[in-house]
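These notes are about the structure you will find just below.
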Amino acid sequence: MEQTSQREIRAIDPTWTLAEIITRLAKALAGDGPAIALSSISSSHVPSEIALVISTSGSTGSAKEVGLSTDAILTSAKATNKYLGAAPGQIWSLLLPLTHIAGINVLVRSLELGTTPLDLRQHKGKYPDADFTAVVPTQLFRALNGDNELLEHLKSAKSVLVGGAALDPQLRKEARAAGINVIESYGMTETCGGCVYDGLALGDTVFKINEDGLIKISTSSLATTYLNDPLGWDSKVTDGYFLTSDLGEIKGGKLIVSGRADDVIVTGGENISSIEVEDRLYKHPQVQAAAVVAKPDEKWGETPCAFVELKAGAQITAED
């Protein structure tokens with residue numbers, strides 16, 4: 001590619017204030033400044049349409065430098081604000097780090113509304129109210145288990161996007177009961193973050209399930225390429241559909257994400273979903289948290305290994 005069709009890229013400087021980051025991001029989106037990288041990357045220049053580069057390991061462990069165009073980023077932000085009924089002048093709060101797409105999305109959605117987000121990443125004490133915010137399940141869990149200041153903030157918002165990891169159904173139920181309007185977000189860096197909300201496609205997003213049970217997604221917010229692995233990108237995209245590593249099914253027009261393909265534990269020739277085992281453990285009234293991983297086994301190849309945290313004062317007997 002000729003140099004004239006490329007633009008300079010600059011990594012976010014940790015000394016920049018939020019206002020400086022927003023200003024530089026706005027210029028990158030408008031094409032008036034260098035593209036922005038959320039961390040150090042191998043490239044010094046990127047194709048001119050790319051405004052943002054995010055390094056993500058995905059499920060393989062090898063870092064992929066995801067190139068996102070201005071059109072994709074703005075499409076995602078506008079679709080989210082429209083879905084939530086957000087109007088100009090309304091406020092987002094920033095509770096997520098700016099090292100991932102979810103945090104950057106809060107900035108872009110705010111730009112679209114003509115406002116500045118409330119920066120609450122290091123906030124202590126009483127939180128100010130906001131119209132919208134986004135969190136990961138761990139933050140939601142913390143709010144429901146002792147962080148009353150965060151709880152009140154989430155309750156004050158018209159909608160709270162929850163993404164970045166699977167949202168436990170019981171945690172969602174508790175959040176709703178507490179007065180938090182939770183919206184479960186599904187997506188990945190390659191789709192500019194969430195493109196499916198509460199199982200429904202956002203904007204022009206289309207999802208399908210392939211013959212292996214994997215979710216594939218077509219959307220205008222799809223990334224352009226992996227800058228450091230364009231062939232790897234081409235292998236993931238067919239006929240405009242990005243093949244994810246997530247298993248799922250479609251019921252009543254809604255996407256149900258059942259887990260990652262690499263969450264399947266093969267033991268004695270049988271496939272066991274670690275997510276399903278975790279879900280069963282979470283149903284026990286005395287279990288606070290649970291994680292299931294594969295443990296190498298000479299006889300079975302792999303066996304499930306569960307790590308369980310009990311609720312305060314809980315005691316499990318042999319009968320349990």
Residue from Thr224, Ile73, Thr225 passing side chain to side chain contact (heavy atoms under 4.5 Å, CB included) with Leu68:
Ile73
Between Gln139 (side chain only) and Leu95 (backbone N and O only), is there a donor and an acceptor less than 3.5 Å apart?
yes
Report the distance from atom OG of Ser221 to atom CG of Asp71, rounding to the nearest 0.5 Å.
11.5 Å
List the atom of Gly163, the atom of Pro137, and the distance in Å for their closest heavy-atom pair.
O-CD, 3.3 Å
ILVMFWY cluster, Val135 and Val196 together (side-chain gap under 4.5 Å)
no
Which is it for Asp246 and Tyr186 under the side-chain hydrogen bond (donor to acceptor under 3.5 Å, both in side chains) test, yes or no, and what are the steps along the way?
CA-CA 11 Å; Asp246 297 319; Tyr186 170 74; 2.7 Å; yes
Show, in sequence, the C-alpha distance, side-chain angles and deciding distance for Ile209 and Leu255, and conclude whether the side chain to side chain contact (heavy atoms under 4.5 Å, CB included) test is met.
CA-CA 9 Å; Ile209 309 298; Leu255 177 65; 4.1 Å; yes
Using the test side-chain hydrogen bond (donor to acceptor under 3.5 Å, both in side chains), find all partners of Tyr83 that sit at least two apart in sequence or belong to another chain.
none
Would you sort out whether Leu154 and Leu151 count as a side chain to side chain contact (heavy atoms under 4.5 Å, CB included), showing the intermediate values?
CA-CA 5 Å; Leu154 299 184; Leu151 175 61; 5.6 Å; no
Just by modelled atom types, is the Ile9 backbone N or O under 3.5 Å from a matching donor or acceptor in the His45 side chain?
no
Looking only at heavy atoms, what is the nearest atom pair of Met188 and Thr244, with distance?
CE-CG2, 3.6 Å
Separation between CG of Leu38 and CD of Glu65, rounded to the nearest 0.5 Å:
11.5 Å
Rounded to the nearest 0.5 Å, how far apart are CG of Leu74 and CG of Leu111?
8.5 Å
Non-hydrogen side-chain atoms of Thr99 and Ser39 separated by less than 4.5 Å:
no
Regarding Glu112 and Arg109, does a basic nitrogen lie under 4.0 Å from an acidic carboxylate oxygen?
no
Less than 4.5 Å apart, side chain to side chain, heavy atoms only: is that true for Tyr241 and Phe207?
no
Please confirm whether the backbone N or O of Ala157 pairs with a side-chain atom of Asn181, one donor and one acceptor, at under 3.5 Å?
no
Student check: side-chain heavy atoms of Glu152 and Lys155 closer than 4.5 Å
yes
If you look at every heavy atom in Pro128 and His153, which pair is closest and at what distance?
O-ND1, 2.7 Å
The residue among Asn228, Leu227, Val53 that forms side chain to side chain contact (heavy atoms under 4.5 Å, CB included) with Ser43 is Leu227
Using modelled atom types and a 3.5 Å cut-off, is there a donor and acceptor pairing between side-chain atoms of Asp131 and backbone atoms of Ala86?
no
If you apply the rule side chain to side chain contact (heavy atoms under 4.5 Å, CB included), what do you find for Asp198 with Arg172, and how did you get there?
CA-CA 11 Å; Asp198 283 344; Arg172 178 183 180 128; 3.0 Å; yes
Residues Pro97 and Arg121: closest non-hydrogen pair is CA-CD, 4.4 Å
Is a side-chain donor or acceptor of Asp212 paired with a backbone partner of Leu214 at a separation under 3.5 angstrom?
no
State, to 0.1 Å, how close Ser185 and Tyr197 come at their nearest heavy-atom pair, and which atoms those are.
OG-CE2, 3.4 Å
Inter-residue atom distance Lys236.NZ - Leu222.CG, 0.5 Å rounding
11.0 Å
Val182-Phe141 co-clustered via ILVMFWY side chain contacts under 4.5 Å:
yes
Is there a side-chain contact between Val46 and Arg7 (heavy atoms, below 4.5 Å)?
yes
Under the 3.5 angstrom rule, does the side chain of Ser76 hit a backbone N or O of Ala72 as a donor-acceptor pair?
no
Does any N or O in the side chain of Glu20 come within less than 3.5 Å of the main-chain N or O of Thr17, such that one atom is a donor and the other an acceptor?
yes
According to a hydrophobic-cluster definition based on side-chain heavy atoms being under 4.5 Å apart (Ile, Leu, Val, Met, Phe, Trp, Tyr only), do Ile91 and Ile104 belong together?
no
Validation: residues 22-36 side-chain donor-acceptor distances under 3.5 Å, sequence neighbours left out:
unit_1	atom_1	unit_2	atom_2	d
Thr23	OG1	Ala19	O	2.9

When clusters are formed by joining ILVMFWY residues with side-chain heavy atoms under 4.5 Å apart, either directly or through shared neighbours, do Leu140 and Leu161 land in the same one?
no
Note, Trp233 side chain near Glu190 side chain (heavy atom, < 4.5 Å):
yes
Check the pair Ile180, Leu144 against side chain to side chain contact (heavy atoms under 4.5 Å, CB included), reporting the backbone distance first and the verdict last.
CA-CA 10 Å; Ile180 303 172; Leu144 293 168; 4.3 Å; yes
Charged N to carboxylate O under 4.0 angstrom, Asp239 versus Lys216?
no
Cluster question for you: counting only ILVMFWY and a side-chain heavy-atom cut-off of under 4.5 Å, with indirect links fine, are Leu107 and Leu118 together?
no
Is a donor from one side chain sitting under 3.5 angstrom from an acceptor on the other, for Trp92 and Asn81?
yes
When rounded to the nearest 0.5 angstrom, what is the spacing between NE2 in His123 and CG in Leu94?
13.0 Å
Measure across Ala306 and Leu281 and return the closest heavy-atom pair with its distance rounded to 0.1 Å.
CB-CD1, 3.9 Å
Keeping Ser258 on the side-chain end and Leu247 on the backbone end, is there a donor-acceptor pair under 3.5 Å?
yes
Inter-residue atom distance Ile217.CD1 - Thr191.OG1, 0.5 Å rounding
5.5 Å
Without swapping roles, check the side chain of Thr205 against the backbone of Thr219 for a donor-acceptor pair under 3.5 Å.
no
Indicate yes or no: at least one non-hydrogen side-chain atom of Val66 is less than 4.5 angstrom from one of Ile101.
no
